[in-house]
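From a predicted model like this one, the values you see are computed outputs, not experimental measurements. Chain naming here is simple, since letters A, B, ... match the order of the sequence lines and numbering starts at 1 in each.
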Amino acid sequence: MDKTSQTSEQNSLDKTYQPADIERRWAPHWEAQGYFRPSGQGPSFSQMIPPPNVTGSLHMGHAFQDTIMDILTRWHRMKGHNTLWQVGTDHAGIATQMLVERKLEAEEGKTRHDLGREAFLDKVWEWKAESGGNITRQLRRLGASVDWERERFTMDDGFYKAVQQVFIRLYDDGLIYRGKRLVNWDPKLHTAISDLEVENKDQQGQFWHFRYPLADGLKTRDGQDHLVVATTRPETLLGDTCVAVNPDDERYADLVGQHVILPLVGRRLEIVADEHADMEKGSGCVKITPAHDFNDYEVGKRHQQPLINVMSLSAAILDQAQAFDLKGQPLSGIDTSIPEAYRGLDRYEARRLIVADMEAAGLLEQVEPISNTLPYGDRSGVVIEPLLTDQWFVRIQPLAEPAIQAVEAGDIRFVPKQYENMYFAWMRDIQDWCISRQLWWGHRIPAWYDDQGNVYVGSDEADVRAKYGLADDLTLNQDEDVLDTWFSSGLWTFGTLGWPESTEALKAFHPTNVLVTGFDIIFFWVARMIMLTLHFMKDEQGKPQVPFRDVYVTGLIRDEQGQKMSKSKGNVLDPLDMVDGISLEDLLAKRTGNMMQPQMAEKIAKRTQKAFPDGIAAHGTDALRFTLAALASTGRDINWDMKRLEGYRNFCNKLWNAARYVLSNAEGEDCGQHGGEVELTLADRWIISRLQQTEQSVTQHLEQYRFDLAANTLYEFIWNEYCDWYLELSKPVLWDENASAARLRGTRQTLVRVLEVTLRLAHPIMPFITEEIWQRVAPLAGLAGETIMLQPWPQADQSRIDAAAEQDIEWVKGIIVAIRNLRAEMNIAPGKPLPILLYKGHSEDLRRLNDNRVFLQKLAKLESVTWVEHEADLPMSAMQLVGEMEVRLPMAGFIDKEAEITRLSKEVDRLGQDIKRTEGKLSNEAFVSKAPEAVVQKEQTKLAEARQAQATLQEQIEQLKAL
RNA sequence: GGGUGGUUAGCUCAGUUGGGAGAGCACCAGCCUUACAAGCUGGGGGUCACAGGUUCGAACCCUGUACCACCCA
């Protein structure tokens, strides 16, 4: 884009702020100019985007985090740092595979097995090519200043190499092992999942109490010929191997070592003594099914029990059970037959039938309704089954230890700090991590097997043969499984910078400075990145490197009702719909189309119609970003509020119009950019002073990750100080035909320069509008530069903080507000010129009056201001106090006597309450003697002032009454 | 059951070593005042969840309770 054409085509800015056109011009321009690349100069600042799912789209949570990351990036870039924000996407194994499978089913009526592995993977890549641009398009629209030239994808060859390396090294270090273990098995998706992908849901369930007959004619102490065990999953009965009683339970002490007969099956089950049996619960006996329950597995291990698996990968009952020892080796000599009636039944059908059969056999003692929790797969939504399968695991303990220490030692800092506890709690109770997934889409495990089932780990077949000295004719088959997606994303910070090569990028940008992410992902990702990075990355002294210094944890964006946004609830908001706007029809189509549960569509449509009867208006990217920044407080939940967005869109408009005012008064005029004598008015010195404090404050808030406070500070300064007061104060100067050239120059210069600095301060939050305006304002401020985004970050100049000017302006504002009050309460038209008297003023008041008479007359619309020395010169008048000075408006023609008395009485009452409270404090001996001197002093001053003001007003009332 | 966070104006939320309760939006009244009606001016509105405690003084610190949310079992 040609910059000059852009500025010269239009002579003035549009009357209202039109973000769409501005944003579409600047985003591609910045990128094309290469402004997003690291400068190669100055200290490094780097962060990695948490890679979103490549085929997904950004939701509000992403927009929130990406905005924060961009604020940090732009801020550091302006501070002159060598800034890298690295972007990329994640292959998201299970999510993407499911999506493509569904599409395949819908479009071709085929399953992935119909296609075969290779053809299916081609389909996934096709889909990625088609939809993978979504995310990056959205990021660009949000103004994200990421270095697109370094964009990475977790399935890129280079990254895959890093993943392989990590796997191989961990295996060689003995930190990865393979074994037949119980895992969380998803019977619908046919894959193992990690504990983190399991969602536990409360529900009302049933506890079936079964009688297991004692073998060999034995009886319990109280004469029963059976033990009672209870279960929520009767179908697992088929895989029972023993019954446990508590070692301290005297009721069954003499039965330990004896047997019961497993009903329906007929197997003899040993009675074992184990702590796991809870004496208080039910009968105190518990059936043990080591192959189908995590707790039972541990019990079985303690008592050398076999593992008897009775379920298929689809959670149906097998035709014949499989028995294994604790090492996962097949066991012979155990009766693994399953009664014919149950063979092939789905787990729930089997449950019904087994309960019925037990009841028929008189072995069902009772059915107890209980509240329990069931584990669901977070992707499939079906109940997870603990299942004995061959899987790969990471031995986590040796990795967790240093990862805990890194946070304890402060090498990694969580912001807000409270999240460290969450991290510690999880890390200290961490289990080995199952990293294999029975999927096709993902990083294939670099392990090969020979016909004997021996395992060889290496980067490819040739490497394996060389490494293990295998004969060329030995047949090798690669493991069919892929790695958990989080295994690869755990390498994100260094894998994207070229590791395992020792690259310049790694040297410059690792460790990264900060990670911005949601708390829901601390375990999934943050913890794993810390563990893996510490293990693999060492600095030049060989000290383990952290992946990032700070972890800034954001809250979760919810809808207006505080509900989590989700596709199935139909309450998701696309950040770009906030930006561009969307009609109700399109929004409905978006929310109800392509649903996993179409029956929800009607309900969602209704809700959507109610929440957005007119669709969503366009607000622009800057307004969205500002809103997100303003919402970024330390809380855990953030309820999205369209009203806030609207408010901040209005704020953009305010800034826009302020710029229009400044430009209309400065363009083509002498703004001091070429030198010349400059005279600064009180208002000029005041706004410059306030600007320094704003710079200081915004910078400090950004340093502390308080984006909300930074945004508030900017809002406050721009609207309530620059616009409300300074622009108004500049008018009397600019419109004064007799104003000196130096004075005009000073005011124009201040208008322009303060705006220019403010734009830079606001740029990280609102990149587009600030750039657009800056292009016009910068030359007037005597600055050259291609873009605001490479200008220096403003630095406060302490010498320009001017307390005297601030006090004087407060005085001016006090008088103006007093007069506005009088007008409003006396119902006097805003434009009617008023004659004002000032009485009982001090010499300081007189000085201020003389200095600021013009400001007062213009801004308060005064006919005259008269300084009165003697009471005799005062006509009857309405009154407002400014400090001790009385601002008086003669009543003739303006004032309703009764109304004025009422108004003053209200004020007297209010002061009375203040006085009472302050007197109470000061009459408290303990307060006066124990509170700090300054606090007591303050209260005393306050009391004196309030008393005096009250007396003055009271006197005024008396005088009015006497009239 | 264990843990964490929260409860402040009608709504969404600030409140930084304890010292006169704030913002935006909404509401009421008046204004097209030559940057802005996406605006200007003025105004009403809160037992800071509840109960104790510490303190001269508590929205803030401590204890307990209730409710909400999330995490874990």
Look at Lys832(A) and rU33(B) and indicate whether a side-chain polar atom (N or O) is within less than 4.0 Å of OP1 or OP2.
no
Taking 4.0 Å as the cut-off, does a side-chain nitrogen or oxygen of Trp735(A) come that near to OP1 or OP2 on rA35(B)?
no
Please determine whether a side-chain nitrogen of the Lys or Arg among Lys813(A) and Glu810(A) lies less than 4.0 Å from a carboxylate oxygen of the Asp or Glu.
yes
Out of rG42(B), rA14(B), rC56(B), which nucleotide sits closest to the side chain of Phe927(A)?
rC56(B)
Base rC11(B) paired with Lys643(A) side chain (donor-acceptor, <3.5 Å):
no
Among the candidates rG19(B), rU12(B), rC71(B), find the nucleotide nearest to the side-chain atoms of Phe523(A).
rC71(B)
Would you confirm whether the ring centroid of Phe626(A) sits within less than 6.0 angstrom of the ring centroid of Tyr648(A)?
yes
Describe the nucleic acid contact of Leu709(A) in one word from base, sugar-phosphate, nothing, applying a heavy-atom distance below 4.0 Å.
sugar-phosphate
Starting at CZ of Arg917(A) and ending at C1' of rA21(B), how long is that distance when rounded to a whole Å?
10 Å
What is the nucleic acid contact for Ser664(A), judged by heavy atoms within less than 4.0 Å: base, sugar-phosphate only, or nothing?
nothing
At less than 4.0 Å, is any side-chain N or O atom of Asn821(A) found next to OP1 or OP2 of rG43(B)? Yes or no.
yes
Mind calculating the distance between CG (Asn827(A)) and P (rG43(B)) to the nearest angstrom?
14 Å
Does Arg649(A) reach a base, just sugar-phosphate, or nothing at all? Heavy atoms under 4.0 Å.
base
Using atom types as modelled, flag every donor-acceptor pair under 3.5 Å from a side chain in residues 703-713 of chain A to any protein atom, sequence neighbours excluded.
{"from": "Tyr705(A)", "atom 1": "OH", "to": "Asp550(A)", "atom 2": "OD2", "distance (Å)": "2.8"}
{"from": "Arg706(A)", "atom 1": "NE", "to": "Asp708(A)", "atom 2": "OD1", "distance (Å)": "2.9"}
{"from": "Arg706(A)", "atom 1": "NH2", "to": "Asp708(A)", "atom 2": "OD2", "distance (Å)": "2.8"}
{"from": "Thr713(A)", "atom 1": "OG1", "to": "Leu709(A)", "atom 2": "O", "distance (Å)": "2.7"}

At 4.0 Å (heavy atoms only), tell me whether Lys906(A) reaches a base, stays on the sugar-phosphate, or touches nothing.
nothing
Classify the nucleic acid contact of Glu420(A) as base, sugar-phosphate or nothing, counting any heavy atom under 4.0 Å across all strands shown.
nothing
Is the shortest side-chain N to carboxylate O distance from Glu646(A) to Lys643(A) below 4.0 Å?
no
Could you check whether Cys652(A) gets within reach of a base, just the sugar-phosphate, or nothing at all, counting any heavy atom under 4.0 Å?
nothing
Tell me what Asp724(A) touches on the nucleic acid: a base, only sugar-phosphate, or nothing, going by heavy atoms under 4.0 Å.
sugar-phosphate
Could you tell me whether the phosphate oxygens of rG24(B), OP1 or OP2, come under 4.0 Å of any side-chain nitrogen or oxygen in Arg644(A)?
no
Give a yes/no on whether any side-chain N or O of Asn657(A) is located under 4.0 angstrom from OP1 or OP2 of rA38(B).
no
Options rC31(B), rC13(B), rG42(B), nucleotide nearest the side-chain atoms of Pro830(A)
rC31(B)
Under 4.0 Å, heavy atoms only, any strand: does Tyr17(A) hit a base, just the sugar-phosphate, or nothing?
base
Which part of the nucleic acid does Ala425(A) contact within heavy-atom distance under 4.0 Å: base, sugar-phosphate only, or nothing?
nothing
Return whichever of Asn421(A) or Asp914(A) has its heavy-atom-nearest nucleotide of RNA chain B closer to the 5' end.
Asn421(A)
For a quick check of understanding: with a heavy-atom distance under 4.0 Å over all strands, which category does Arg428(A) fall into, base, sugar-phosphate or nothing?
nothing
Less than 4.5 Å apart, any side-chain heavy atom of Glu863(A) and any of Gln857(A)?
no
Between P of rA23(B) and CG of Leu714(A), the distance in whole Å:
18 Å
Round to a whole Å and report the spacing from CG of Leu727(A) to P of rC36(B).
12 Å
Work out how far the P atom of rG44(B) is from that of rG24(B), and round it to whole angstrom.
15 Å
Ion pair Arg233(A)/Glu385(A), N-O distance below 4.0 Å
yes
Determine whether any donor atom in the side chain of Glu728(A) lies under 3.5 Å from an acceptor atom in the base of rA35(B), or the reverse, and answer yes or no.
yes
Here the distance between atom P of rG19(B) and atom CD of Glu939(A), to the nearest Å, is 12 Å
Ala658(A) side chain, from C-beta outward: closest of rG39(B), rA14(B), rA35(B):
rA35(B)
For rA37(B) and Lys15(A) - does any side-chain N or O of the residue sit under 4.0 Å from the phosphate oxygens OP1/OP2?
yes
Under the criterion side-chain hydrogen bond (donor to acceptor under 3.5 Å, both in side chains), I'd like the reasoning laid out for Asp684(A) against Tyr726(A): C-alpha separation, chi angles, the key distance, then a yes or no.
CA-CA 8 Å; Asp684(A) 295 334; Tyr726(A) 181 68; 2.5 Å; yes
Output the single nucleotide from rA35(B), rG42(B), rG5(B) whose closest atom is nearest the side chain of Arg660(A).
rA35(B)
rG43(B) OP1/OP2 closer than 4.0 Å to side-chain N/O of Arg903(A)
no
Nearest-Å distance once atom P is located in both rC67(B) and rC50(B)
16 Å
Residue met sooner reading RNA chain B from 5', once Asp429(A) and Asn924(A) are mapped to nucleotides
Asn924(A)
Would you please say whether a donor-acceptor pair under 3.5 Å links the side chains of Ser730(A) and Tyr661(A)?
yes
How would you label the contact of Asn639(A) with the nucleic acid (heavy atoms, under 4.0 Å): base, sugar-phosphate, or nothing?
sugar-phosphate
With a non-hydrogen cut-off below 4.0 angstrom, is Lys930(A) in contact with a base, only sugar-phosphate, or nothing?
base
Write down the distance between CG (Asn650(A)) and C1' (rA26(B)), rounded to a whole number of angstrom.
14 Å
Using atom CZ of Arg558(A) as one end and atom C1' of rC13(B) as the other, report the distance to the nearest whole Å.
16 Å
Within the structure shown, what part of the strands sits under 4.0 Å from Thr918(A) by heavy-atom distance: base, sugar-phosphate, or nothing?
nothing
Writing each nucleotide of RNA chain B 5' to 3' as (, ), [, ], | or . by Watson-Crick or G-U pairing under 3.5 Å yields (((((((..((((.....[..)))).(((((.......))))).....(((((..]....)))))))))))).
What are the two closest heavy atoms between Glu728(A) and Leu859(A), and how far apart are they?
O-CD1, 3.5 Å
In whole angstrom, give the distance that lies between atom CH2 of Trp640(A) and atom P of rG24(B).
18 Å
Given rA35(B), is OP1 or OP2 found less than 4.0 Å from the side-chain N or O atoms of Lys731(A)?
yes
Side-chain contact check for Lys654(A): nearest option of rA14(B), rC40(B), rC56(B) is rC40(B)
Side-chain donor-acceptor distances from residues 906-921 of chain A under 3.5 Å, at least two apart:
{"from": "Glu907(A)", "atom 1": "OE2", "to": "Arg910(A)", "atom 2": "NH2", "distance (Å)": "2.9"}
{"from": "Thr918(A)", "atom 1": "OG1", "to": "Asp914(A)", "atom 2": "O", "distance (Å)": "2.7"}
{"from": "Glu919(A)", "atom 1": "OE2", "to": "Arg947(A)", "atom 2": "NE", "distance (Å)": "3.4"}
{"from": "Glu919(A)", "atom 1": "OE2", "to": "Arg947(A)", "atom 2": "NH2", "distance (Å)": "2.5"}

Considering only NZ, NE, NH1 and NH2 on the basic side and carboxylate oxygens on the acidic side, decide whether Arg903(A) and Glu900(A) come within less than 4.0 Å.
yes
